[in-house]
Engineer: 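Okay, here's the structure, questions in a sec.
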There are 2 protein chains.
Amino acid sequence: MTHPDTQAPVEVARPGKRDRLIAAAQAAMLAHGVERTSLADIAHAADVPLGNVYYYFKTKGELVAAVIERQRSRQQEAFAALDQRPTPAQRLCALLDSWMAQREKLTAHGCPVGTLGTELRKGADELADDSAAVLAGLLGWFERQFTEMGRGDARQLAVALLAAYEGTILLANTLADQDLITVEGERLKQWITSLA
Amino acid sequence: MTHPDTQAPVEVARPGKRDRLIAAAQAAMLAHGVERTSLADIAHAADVPLGNVYYYFKTKGELVAAVIERQRSRQQEAFAALDQRPTPAQRLCALLDSWMAQREKLTAHGCPVGTLGTELRKGADELADDSAAVLAGLLGWFERQFTEMGRGDARQLAVALLAAYEGTILLANTLADQDLITVEGERLKQWITSLA
DNA sequence: GTCTATATTGCGATAGAC
DNA sequence: GTCTATCGCAATATAGAC
């Protein structure tokens, strides 16, 4: 802490300027959609001047790509944590528990992965496939759990579970009723338990 | 047909100019989203000059409102047709059959009601509630069928069915796999039959 | 690397002739 | 009622000083 002025003459960027932009973009795009979120909004929220955004991301699309990559990365961490649990049924139920715990945010803005994927499919965007890969990652993880439970119809069960998951959030969001997530969550947990 | 020039000096609009705009708006907005659909696109598709759109709709929002009203109207017609069938299980399965028959369009663009509701919730739009009412209409119809089947948990069953319905379309659209609709459709029909 | 000022474009909406 | 021309604005992206 001594002589802070004399050392490090090179201006080191406050760590995370780029990360702050990605996080701000993710939050704003989840709340208002990609199209309605301007780079000015993101820059303001991240406390970065507008023109400087283009030093980190050449286009808005690159920023969206970074958001998707961040989702994928977070998803892998979540899987790693869940995989610590001993049985597949416990892992699936633990995910449903954390899902229900987030019901307020999910009801307010929808599923981050689902709504982004839906919006990107409407554009001519190549990014749609990247977003789809995140959803496919969740589907694959579900399928692995069911396979480990010895189910030959693991794929179909995974599709049914993911559809119920995404569909319930869509309903909760559109109808503005977070209790739908609680009720469906409990029903799905019972269903999983009955399969184990 | 005689003397067509001398009669009806008042220029009667070719029937359906307004309707053409609504239909074109619905198609374009389903394909590309409300935000990305410009009034110029709609006017061009409906073969109406851009400036003339404002004679029929004061704002773009009014045009979206007309699209929603059209969805609601079509939904009522669909319910009336389905209600001709003798049993609630037959009605539900008939709806799932028509759903599966439309799997190609649903996979390409998502559910017209679900994607519109999701997008409008992202905006500050008051129209979101109008769109939600259409989804709620479908939910209510489901619930009536289960009630008529003598189920005390009709509401919960309706939520589960609608979530599976919307969630499956979201997956089929995002993952670009229309077979998901076929597989889930058959599973849901079996489930309904098992309840009857 | 950082930031201000601005070029450029596309869209919603309007004015006003016919 | 119909249509052309255009305004005003917001947003992406760039130029260029520091």
Side-chain angles (χ1 to χ4, degrees), chain A residues 5 7-22 24-29 31-68 119-120 122-127, chain B residues 4-5 7-22 24-29 31-68 116 119-120 122-127:
Chain A
D5 301 342
Q7 61 195 42
V10 175
E11 178 85 36
V12 175
R14 175 166 34 144
K17 210 159 184 175
R18 183 191 154 99
D19 286 344
R20 270 177 8 242
L21 282 169
I22 299 175
Q26 183 167 31
M29 287 171 176
H32 308 119
V34 175
E35 201 75 22
R36 295 179 66 104
T37 299
S38 72
L39 292 176
D41 294 338
I42 296 167
H44 181 75
D47 200 31
V48 170
L50 173 58
N52 203 359
V53 173
Y54 289 90
Y55 174 75
Y56 297 99
F57 306 97
K58 275 192 279 292
T59 67
K60 186 179 181 181
E62 272 195 20
L63 184 46
V64 175
V67 167
I68 293 171
E119 183 174 0
L120 292 179
K122 300 273 186 188
D125 246 311
E126 331 78 53
L127 289 153
Chain B
D5 300 343
Q7 62 195 44
V10 175
E11 176 86 37
V12 174
R14 171 166 39 139
K17 210 159 185 176
R18 182 191 154 98
D19 285 343
R20 274 185 356 248
L21 282 170
I22 298 175
Q26 184 167 31
M29 287 171 178
H32 308 119
V34 174
E35 200 76 20
R36 295 178 66 105
T37 299
S38 71
L39 292 176
D41 294 337
I42 296 167
H44 180 76
D47 201 31
V48 171
L50 173 58
N52 203 0
V53 172
Y54 289 91
Y55 175 75
Y56 297 100
F57 306 97
K58 275 192 280 291
T59 67
K60 186 179 180 180
E62 272 194 20
L63 183 47
V64 175
V67 167
I68 294 171
L116 184 59
E119 183 174 359
L120 293 179
K122 301 271 185 189
D125 246 312
E126 331 76 54
L127 289 153

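Quick note on labels: first sequence line is chain A, next is B, and so on, each numbered from 1.
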Engineer: Quick one: CD on A:Glu62 to CG on A:Leu127, what's the gap to the nearest 0.5 Å?
Structural biologist: 9.5 Å
Engineer: Going through the checks in order, is the side chain to side chain contact (heavy atoms under 4.5 Å, CB included) test met by A:Ile68 and A:Leu120?
Structural biologist: CA-CA 11 Å; A:Ile68 293 171; A:Leu120 292 179; 3.8 Å; yes
Engineer: Could you check A:Arg36 against A:Gly51 and say which one's nearest nucleotide on DNA chain D is further toward the 5' end?
Structural biologist: A:Arg36
Engineer: Roughly how far, to the nearest 0.5 Å, is CZ of B:Arg20 from CD1 of B:Ile42?
Structural biologist: 13.5 Å
Engineer: Look at A:Tyr55 and C:dT2 and indicate whether a side-chain polar atom (N or O) is within less than 4.0 Å of OP1 or OP2.
Structural biologist: no
Engineer: So which nucleotide from C:dT2, C:dA13, D:dT12 ends up closest to the side chain of A:Ser38?
Structural biologist: D:dT12
Engineer: Hey, does the side chain of A:Glu119 reach the backbone of A:Gly33 with a donor-acceptor pair shorter than 3.5 angstrom?
Structural biologist: no
Engineer: In whole angstrom, what separates B:Lys58's NZ from C:dA13's P?
Structural biologist: 12 Å
Engineer: Taking the minimum atom-to-atom distance to the side chain of A:Asn52, which one of C:dG12, C:dC3, D:dC3 wins?
Structural biologist: C:dC3
Engineer: What is the distance, rounded to the nearest whole Å, between atom CG of B:Leu39 and atom P of C:dC11?
Structural biologist: 10 Å
Engineer: Which whole-number value in Å describes the distance from B:Phe57 CZ to D:dG1 C1'?
Structural biologist: 15 Å
Engineer: Let me test you: for the helix from C:dG1-D:dC18 to C:dC18-D:dG1, what is the angle between the axes at its two ends (five pairs each), rounded to 10 degrees?
Structural biologist: 10°
Engineer: Side chain to side chain contact (heavy atoms under 4.5 Å, CB included) between B:Leu116 and B:Met29: does it pass, once the steps are laid out?
Structural biologist: CA-CA 8 Å; B:Leu116 184 59; B:Met29 287 171 178; 5.6 Å; no
Engineer: Identify which nucleotide among C:dG12, D:dG1, C:dT2 has an atom closest to any side-chain atom of B:Lys60, counting heavy atoms from C-beta outward.
Structural biologist: C:dG12
Engineer: How long is the straight-line distance from NZ of A:Lys17 back to CD1 of A:Ile22, given to the nearest 0.5 Å?
Structural biologist: 14.5 Å
Engineer: Can you measure A:Leu63 atom CG to D:dA11 atom C1' for me and round it to whole angstrom units?
Structural biologist: 14 Å
Engineer: Tell me whether the side-chain N/O atoms of A:Tyr56 come closer than 4.0 Å to OP1 or OP2 in C:dT2.
Structural biologist: yes
Engineer: Pick the closest DNA chain D nucleotide for B:Val48 and for A:Ala40 by heavy atoms, then say which residue is nearer the 5' end.
Structural biologist: B:Val48
Engineer: Would you indicate which nucleotide in D:dT12, C:dT2, D:dC3 comes nearest to any side-chain atom of A:Leu50?
Structural biologist: D:dT12
Engineer: What is the distance, to the nearest angstrom, from the CD atom on A:Glu62 to the P atom on D:dT14?
Structural biologist: 11 Å
Engineer: Considering only C:dT4, D:dA13, C:dA13, which nucleotide approaches the side chain of A:Pro49 most closely?
Structural biologist: C:dT4
Engineer: Please report the distance, rounded to the nearest Å, between OH in A:Tyr54 and P in D:dA11.
Structural biologist: 12 Å
Engineer: Taking the side chain as everything from C-beta on, heavy atoms only, tell me whether A:Leu39 gets closer than 4.5 Å to A:Leu63.
Structural biologist: yes
Engineer: How close or far is atom C1' of C:dA13 from atom CD1 of B:Ile42, stated in whole angstroms?
Structural biologist: 14 Å
